[in-house]
Amino acid sequence: MTHADVLGAGMAGLLAARVLSEFYDEVTVVERDRLPDSPVQRRGIPQGRHLHSFLSRGCQLLDQFFPEILDELVDSGAHVLDDGDLSRIYTRLGAYEMNRTEKFADPAALVIHLASRPLIEFHVRRRVAEIGNVKFLDRHDITEPTVITRDRITGVLLVNRDTGERTTLDADLVVDAMGRAARTPGFLESLGYDRPEEERSAANWAYSSQLLRIPDDAIAEKMALIESGNGLPRAGLLAYEHDTWILTVGRQAADGDPPMDLTGMLALAEQCMPGSILAALQSAQPLDNIAIFRNTGGLWRRYDRMQNFPAGLLVIGDALCSLNPIYGQGMTMAALEALALQDYLRDGHDESQRFFRAAAIHIGPTWAMNQARDRVPSAEDGRRSLRNRLMTWTMSRALKTAENDIVLTERFMRVSNLVDPPSALQDRALLARVIVGAVRALSTRASVREMPTNIGVSAYRRAPSPKWGRGFSSSTRRSWCTTVRLARRRVVRAVAR
Ligand SMILES: Cc1cc2nc3c(=O)[nH]c(=O)nc-3n(C[C@H](O)[C@H](O)[C@H](O)COP(=O)(O)OP(=O)(O)OC[C@H]3O[C@@H](n4cnc5c(N)ncnc54)[C@H](O)[C@@H]3O)c2cc1C
């Protein structure tokens, strides 16, 4: 009889349990919270009070692991965006709005289901609980894994939170899915192993979230995501089940505390959201307390780089890599890691690093893309190599062109929804569209002012905020204008040749 223990019943733990149930006779999911039998918030998932949504790739994987679960979500009130109708989605990267009037060529690849984290987790948990060889052990704290020799993990030590009773749960495989506060690095150290190297991304943002009710016909969109840079606030608004909405507004942590009430949130939203959505927000009714989140830093524990690692232990989800939450990728990444786990077990491997290396193939490109998106612009930007400046310019032109070019919009959406890798943006055919768009813009003499970007994919023109250009010296701005002028000339010359 083979047995696997999953530590933590968050999204990564649930998905891991689903996969493990194919390969082990028994799977036990251990969780410290009491697991609710309805879709409600719980203490162990404080992030559930913030804007949460699966990306399209995550929805595809959910459907793969739990056929028909998406229909069940819709029956419970989730909204589905599946027809490529962009009028229901407002997306802005920097100063550039994605196309909103045309339709995707392949809408099936970009389907999104919008529902609150408690509702999604409830349905996933219900489906996992229906699997015959999976059982849940809630109200138990995991203290540490157990070992025979330091080379092999044999189970975990648990403490019953109600009685204080300590027990050992034996296992052939233990999967740590305990989220951001992972314990594996300390445990490895206590066994005489090295701690994993850690890669971190900057914790620049602090944000507030508020559950709302918005009158039925007050808003045309179901989803608005505004990824400003250059010091401006960011915001997201998603339709949830039963006429509820979640509004999240973030500001750079260096600019002060996140707002503590709806009035403060709306004041920030005014700096970045379009007027029609702001008008709808004015009539919104708050439904819950505001939730605050301050640590947007990412952390990737590089178990894949460790020379030695005990057998019988894997780490998944945020415990392995927590991505900057403002990009909404964590649950989708957990699903991709579950896919890597499935392949690893299917191939009959027992060497943990093979799993970590397979997971790194999913994590790496997204981590790198986020690093670029996270980067705060600095005066150094103006002195970067011509190649870098040209790349930044090309990316900002691509975003500008995407405003009226559905092919580019669809490509950006596919990459940000993890359907395609970031390298899909380096396609030569796309570059040709960008150049044509740039030449058209030149010929119409559109007066666009360029700025460096903090994400490598957005640039700023004068638009919604009077604070445009804040944080840049006038010499940096001049330097950028010159760069852009030069780059334009080069592109026009190249096209003419
Ligand atoms: C503010 C915020 C917003 C986010 N927004 C999005 C989004 O829009 N889209 C998205 O895809 N992702 C988002 N994420 C990320 C997403 O929440 C996680 O990546 C995802 O839930 C996977 O996490 P996990 O299962 O690894 O950990 P968690 O979801 O944190 O689950 C860990 C579980 O382990 C349990 N646990 C912890 N310690 C113990 C212990 N000692 N004993 C027993 N049980 C224990 C906890 O109670 C919890 O149930 C967001 C994250 C944050 C912080």
Side-chain angles (χ1 to χ4, degrees), residues 5-17 28-36 41-59 61-62 112-118 120-121 124-125 136-145 156-161 169 174-184 186-187 203 205-209 223 225 236-238 240 246 248 250 258 291-299 301 315-338 359 363 366 416-418:
D5 291 344
V6 178
L7 317 184
M11 201 54 72
L14 294 173
L15 293 164
T28 306
V29 184
V30 187
E31 166 60 47
R32 61 152 64 126
D33 277 356
R34 180 167 310 291
L35 290 171
Q41 301 284 356
R42 63 183 176 90
R43 198 186 161 125
I45 308 288
Q47 70 268 36
R49 293 184 183 278
H50 294 273
L51 183 145
H52 243 84
S53 137
F54 263 104
L55 301 173
S56 300
R57 181 71 180 121
C59 291
L61 290 170
L62 260 194
I112 290 184
H113 287 72
L114 301 175
S116 66
R117 165 76 189 237
I120 298 173
E121 191 178 301
V124 174
R125 192 166 62 240
F136 285 88
L137 201 55
D138 62 358
R139 294 291 293 160
H140 280 75
D141 245 321
I142 291 126
T143 53
E144 63 194 69
V156 279
L157 273 180
L158 313 176
V159 181
N160 183 315
R161 286 171 75 94
L169 193 62
V174 170
V175 179
D176 172 3
M178 287 187 280
R180 291 182 153 223
R183 299 189 172 185
T184 295
F187 170 69
W205 293 86
Y207 56 80
S208 315
S209 298
M223 174 171 169
L225 297 172
L237 180 69
L238 294 189
Y240 275 177
I246 187 81
T248 290
I292 305 289
F293 189 76
R294 293 173 198 274
N295 178 14
T296 60
L299 172 56
R301 299 186 174 91
V315 185
I316 199 166
D318 282 11
L320 170 59
C321 176
S322 57
L323 297 163
N324 184 335
I326 59 177
Y327 305 124
Q329 302 153 330
M331 295 191 296
T332 298
M333 191 52 72
L336 286 164
E337 290 162 16
I363 297 168
T366 303
S416 61
N417 276 284
L418 304 191

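Numbering of ligands and ligand atoms starts at 1, following listing order.
Distance from atom 27 (O) of ligand 1 to its nearest protein heavy atom, with residue and atom name: G179 CA, 3.4 Å. When only non-hydrogen protein atoms are considered, atom 30 (O) of ligand 1 lies nearest to Q47 NE2, 3.4 Å. E31 OE1, 2.6 Å is the protein heavy atom nearest to atom 49 (O) of ligand 1. Atom 24 (P) of ligand 1 has its closest protein heavy atom at A12 CB, 3.8 Å. Nearest to atom 21 (O) of ligand 1 among the protein's heavy atoms is R117 NH1, 2.6 Å. Given atom 37 (C) of ligand 1, the protein heavy atom at minimum distance is M178 O, 3.4 Å. With respect to atom 14 (N) of ligand 1, the closest heavy atom belonging to the protein is H52 NE2, 3.4 Å.
Contact annotation for A181 and ligand 1: no heavy atom of the residue comes within less than 4.0 Å of the ligand. Contacts between R183 and ligand 1, counted as non-hydrogen atom pairs separated by less than 4.0 Å, involve the side chain only. Contacts between H50 and ligand 1, counted as non-hydrogen atom pairs separated by less than 4.0 Å, involve the side chain only. Contact annotation: for R43 versus ligand 1, there are no heavy atoms closer than 4.0 Å. Heavy atoms of S53 found under 4.0 angstrom from ligand 1 belong exclusively to the backbone. Contact annotation for I45 and ligand 1: only side-chain heavy atoms (C-beta onward) come within less than 4.0 Å of the ligand.
Residue E31 is tested with R139, R125, R42, R43 for a salt bridge (Lys or Arg N to Asp or Glu O under 4.0 Å); the sole match is R42.
Annotation for P258 and I292: closest pair CG-CG2, 3.4 Å, computed over non-hydrogen atoms. Summarising the geometry of L320 relative to A359, their closest heavy-atom pair is CD2-CB, 4.0 Å, with the distance given to 0.1 Å. G236 and L51 get closest at one heavy-atom pair: C-CD1, 3.5 Å. Closest of all the heavy-atom pairs between R49 and A291 is CB-CB, 3.6 Å. V29 and A9 get closest at one heavy-atom pair: CG1-CB, 3.8 Å. Shown here for L114 and S53, the closest heavy-atom pair between the two residues is CD2-OG, 4.1 Å.
Under the 4.0 angstrom criterion for non-hydrogen atoms, F54 is not in contact with ligand 1.
Although no hydrogens or angles enter the test, the distance criterion places a donor-acceptor pair under 3.5 Å between the side chain of Q41 and the main chain of G48. Looking only at distances, no side-chain donor or acceptor of D318 sits under 3.5 Å from a matching main-chain atom of R180.
Those atoms of ligand 1 that come under 4.0 Å of a heavy atom in R42, given as number and element, are 47 (O), 49 (O). For ligand 1, the atoms sitting less than 4.0 Å from at least one non-hydrogen atom of F293 are 1 (C), 53 (C), numbered in the order shown with element in parentheses.
Residue M11 places at least one N or O, backbone or side chain, under 3.5 Å from an N or O of ligand 1. Considering backbone and side-chain N/O of G330, one or more are found under 3.5 Å from N/O of ligand 1. Distances between N or O atoms of R32 and those of ligand 1 include at least one value under 3.5 Å. Polar contact check, R180 against ligand 1: no nitrogen or oxygen pair lies under 3.5 Å apart. Where the criterion is an N or O separation shorter than 3.5 Å, residue side chain and backbone included, I142 meets it with respect to ligand 1. Remark: ligand 1 and M331 share an N or O pair separated by less than 3.5 Å (distance only, no angle test). Close N/O approach between I316 and ligand 1 is not found [any backbone or side-chain N/O within under 3.5 Å]. Note: an N/O pair closer than 3.5 Å links D318 and ligand 1 by distance alone.
Listed by chain and number, the residues in a side-chain contact (heavy atoms from CB on, under 4.5 Å) with P46 amount to none (sequence neighbours excluded). Not counting sequence neighbours, the partners of R32 by the salt bridge (charged side-chain N to carboxylate O under 4.0 Å, His left out) test are D141.
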One pair to check against side-chain contact (heavy atoms from CB on, under 4.5 Å): I120 and H52. What are the steps and the verdict? CA-CA 10 Å; I120 298 173; H52 243 84; 6.0 Å; no
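Aromatic pair Y207/H50: ring centres closer than 6.0 Å.
Separating the SG atom in C321 from the CD atom in Q329 is a distance of 9.5 Å, to the nearest 0.5 Å.
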